[in-house]
Structure formats: structure tokens, C-alpha cells
Amino acid sequence: MSVVVATSLADAVAALAAQPHSTVLAGGTDVMVDLNAHHAQLEHVVLVNRVPELCTWRFADGWLEIGAGVTWAQVQRELSRWVPALAEAARTVGSPQIRHAATIGGNLGTCSPAGDGLPVLAALDAVVHLVSSAGERALPVGEFMVGPKRTALRAGELITRVVVPVTTGFQGYAKVGVRNAMVIAVASAALVVDEGTVRLALGSVGPTVLRCPQAEQFATDHLSTGMSDAEVARFAELARDAARPIDDHRATAAYRRHAVGVLAARLMQRAITRGRAS
Ligand SMILES: Cc1cc2nc3c(=O)[nH]c(=O)nc-3n(C[C@H](O)[C@H](O)[C@H](O)COP(=O)(O)OP(=O)(O)OC[C@H]3O[C@@H](n4cnc5c(N)ncnc54)[C@H](O)[C@@H]3O)c2cc1C
């Protein structure tokens, strides 16, 4: 096994160009679980958690650029004023120990439908930036996530950062699991209200994170006049309709569908309450 400990972005890109099928290792909280379960075979490894360019974030001109190596602990501690929903999601990732190692880039790289950061990134219309020796490209997160644990990453490519707009309206994240802490989502939802436009993304209820165009349009049409309880219920129903859940060892499809409607309604109630207060 070869291991390259990259200390700059150029190092990491060069190592990946030399061995394009290397495993990129950031916090290792998914890779090591896979390895221990004997799913993964590590032949060539490029460690990226000492690459300074990946471990920083910056705010400029209404956009927040979050390096792929930024940990969930950093998101929780440092980014809540710009992306409160992402900070809410960060708070629910594993335990404090996991959050100090695990990165946003690793969440994207694994691309589990249950990844807590992903519904928020989808609802924020995030853009994922990638680099390889062939150059740079950027993909909307909805195109980056192509299926369960499948991404648009090409061999030899590295996620460098994810860019999100900083919005001023309500944003929130909610999750249901089999217990309250250290739990993989059985259903999750992220809601963003951005200049009167509503965006809703669902996790753990489909092969990958799902946006809900009909629920979004309905809420966009009704939110400005304040939504009645019946309209919130209709919004939740449209969210449930957008879900494509399956039965598995954590929950039945029927429970997931029900749960995601409850989460969507709760988030919308929070958005309405905040709208009344502001
Ligand atoms: C006990 C435990 C609890 C957990 N709880 C949660 C939870 O509640 N919610 C949740 O969402 N997740 C949870 N996870 C999963 C995991 O912590 C997250 O998915 C985390 O964000 C992964 O980040 P990482 O840096 O550790 O990724 P790694 O394990 O280092 O990498 C994960 C994948 O991403 C790729 N990758 C990493 N960085 C890059 C990059 N810059 N460019 C290209 N590819 C890259 C790797 O090659 C690999 O395929 C948990 C894991 C454990 C062990």
C-alpha cells in the first residue's frame, strides 16, 4: 500500500494524477468503517487533511466558500451565522469526536442518501468545485450526487470546496432517527426560504437527496400571504409525494414517507413563525 501525505493542493493533485484510483482520505470516518467491514481495499491512499487550502472557509460577495476539509465541528462552531441550517445539520453528525475528524468533503464523497449535510447543500443550491491534473470544474450539487453512494467524481479528481449563497430568509434542518444522538437519519429535510422562493430537499427517502419541485412551488405561491394550517398540510403532502423511500433495517418505507411529511411541516411552521416575528 502507498500513502501520500499531501501538504498542499498541488501535492494532492500530483499524487492523484500519478495514481488516479487512489483513495482520498480526509477524516477517515467513512473510509475506515468501510475498511473494517472489508468493503474497501486500500491500495493507494492520498491523505488530504493536512492540505491548508482545503481546510479553510471564506465569505465574500454574498457567497460562502467552504473547503472540502472543513470539519463538521468547524461548521457547527464557525459557520452558523451564514448557513444556520448547515450548522444545525453539523450538530447532528455522529458525536463530538466524529465531528472533529469528519469533513464536509467526506460527506459529499460518500454521498449516502442519509448524509446530514447533503439535504442542506441541495436546498441551498450549492455548487461543488473539483480539481484534477486536467483542470477545474464546478457542478451543482444535484448533478454531483448521482445515486446511492455514487457521485460524478472522476478518477484522479478531488473536491476542493463547496460554494453556497448566503441567504437572509429562514433556513432549517430536521432529522428523524431511531434514537436522539449518534444516529443515521431515517428521514431528514432541509428548508430554505430565499427572497420569497422556497426550496425543500429530503434525505434518506430516495436513492439520493431529493428536491421537491411541487412542494416548493406551492409554498412559494402561498408563503408571502402567510400559510394556513391546511396549506402547511398540503405542503407536507406534496413533500411526502416526492419521497421515494424503501424498507430497510432502520425503517419501513411507509414510516419514512410519513416522517418526512412531519419534518417538512415542522420546518415550514418554523419559517412562518420566524416570518411573523421579523
Ligand atoms: C460513529 C459514526 C457516526 C456517524 N454519524 C454520522 C451522522 O450522524 N451523519 C452523517 O452524515 N454521517 C455520519 N457518519 C459518517 C461520516 O462521519 C460522514 O459522512 C463524514 O462527513 C465523512 O467525512 P470524512 O472526512 O471522515 O470522510 P472520509 O472517510 O475521509 O471519506 C469519505 C469518502 O469521501 C471521499 N473524499 C473525502 N474527501 C474528499 C475530497 N476532498 N475529494 C474527493 N473525495 C473525497 C473519500 O475518498 C471517501 O470515498 C458517521 C460515521 C461514524 C464512524
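The residues of the chain are indexed from 1 along the displayed sequence. Start at 1 and go down the list; that is how both ligands and their atoms are numbered. Values reported hereafter were calculated over all heavy atoms of this structure, with side chains retained and with hydrogens, waters and symmetry mates removed. Predicted model only: the values in this text are computed from it and were never measured.
Assignment of R99 to the shell around ligand 1 is not supported, since no heavy atom sits closer than 4.0 Å. For M182, the heavy-atom gap to ligand 1 drops under 4.0 angstrom. Every heavy atom of L54 sits 4.0 Å or more from the atoms of ligand 1.
Contact record, F235 with M227: CB-CE, 4.0 Å, taken as the closest heavy-atom pair.
No N or O atom of L25 sits closer than 3.5 Å to an N or O atom of ligand 1. Ligand 1 has an N or O atom lying under 3.5 Å from an N or O atom of G27, backbone or side chain. Note: an N/O pair closer than 3.5 Å links T92 and ligand 1 by distance alone.
Per-residue contacts place A102 under 4.0 angstrom from the following atoms of ligand 1 (heavy atoms of the residue considered): 17 (O), 20 (C), 21 (O), 23 (O), 24 (P), 25 (O), 26 (O). Of all the atoms in ligand 1, the ones that sit under 4.0 Å from a non-hydrogen atom of V33 are 53 (C). Each of the atoms 21 (O) of ligand 1 lies under 4.0 Å from some heavy atom of W72. Each of the atoms 28 (P), 29 (O), 31 (O), 48 (C) of ligand 1 lies under 4.0 Å from some heavy atom of V31. Listed by atom number, the atoms of ligand 1 under 4.0 Å from T110 heavy atoms are 32 (C), 33 (C), 34 (O). Atoms of ligand 1 found under 4.0 Å from any heavy atom of G115, numbered from 1 in the order shown, are 11 (O). Remark: ligand 1 atoms within the under-4.0 Å shell around heavy atoms of I98 are 1 (C), 2 (C), 17 (O), 52 (C), 53 (C). Residue V183 has at least one heavy-atom neighbour below 4.0 Å for each of these atoms of ligand 1: 8 (O).
Under a 3.5 Å cut-off, the side chain of R240 and the backbone N or O of V260 do not form any donor-acceptor pair. Between the S22 side chain and the Q19 main chain, a donor and an acceptor come within less than 3.5 Å of each other. The closest donor-acceptor contact from the side chain of Q76 to the backbone of A87 lies at 3.5 Å or more, if one exists at all.
Atom 37 (C) of ligand 1 has G106 CA, 3.6 Å as its closest protein atom, hydrogens excluded (heavy atom only). With respect to atom 12 (N) of ligand 1, the closest heavy atom belonging to the protein is N107 ND2, 3.9 Å. Regarding atom 28 (P) of ligand 1, its nearest protein heavy-atom neighbour is G28 N, 3.5 Å. The single protein non-hydrogen atom nearest to atom 10 (C) of ligand 1 is D116 OD2, 3.6 Å, given as residue, atom name and distance. Among all protein heavy atoms, the one lying closest to atom 41 (N) of ligand 1 is I159 O, 3.0 Å. Among protein heavy atoms, the minimum distance from atom 38 (N) of ligand 1 is reached at A26 CB, 3.7 Å. Among protein heavy atoms, atom 35 (C) of ligand 1 sits closest to G109 CA, 3.9 Å. Atom 6 (C) of ligand 1 has its closest protein heavy atom at G94 N, 3.6 Å.
Between the side chains of Q171 and T167, at least one donor-acceptor pair of N or O atoms lies under 3.5 Å. For the residue pair E195/T197, the side-chain donor-acceptor check at 3.5 Å is not satisfied. Donor-acceptor pairing under 3.5 Å is recorded for the side chains of D30 and T110. Residues S112 and K149 bring no donor and acceptor atom of their side chains to less than 3.5 Å of each other. Between S2 and H44, the side chains place a donor N or O and an acceptor N or O closer than 3.5 Å (distance only, hydrogens not considered).
Residues R50 and V5 meet the side-chain proximity criterion, which asks for heavy atoms closer than 4.5 Å. Counting heavy atoms from C-beta outward, T92 and E88 have side chains that stay 4.5 Å or more apart. Within the 4.5 Å cutoff, the side chain of V51 has no heavy atoms near those of the D11 side chain.
One distance of note links CG of L108 with CG of L153; it measures 9.0 Å at 0.5 Å rounding.
With W57 as the partner, the side chain to side chain donor-acceptor pair (under 3.5 Å) test is satisfied by one option alone out of Q74, E78, E65: E78.
Residue V24 holds the heavy atom nearest to atom 47 (O) of ligand 1 of all those in T29, T71, V93, V24. Between V46, T103, L108, N49, it is T103 that holds the heavy atom closest to atom 21 (O) of ligand 1.
Neither the backbone nor the side chain of Q97 comes within contact range of ligand 1; no heavy atom lies under 4.0 Å. When non-hydrogen atoms are compared, ligand 1 lies under 4.0 Å from the backbone of D30 as well as from its side chain. Under 4.0 angstrom from ligand 1, the non-hydrogen atoms of L153 all belong to its side chain.
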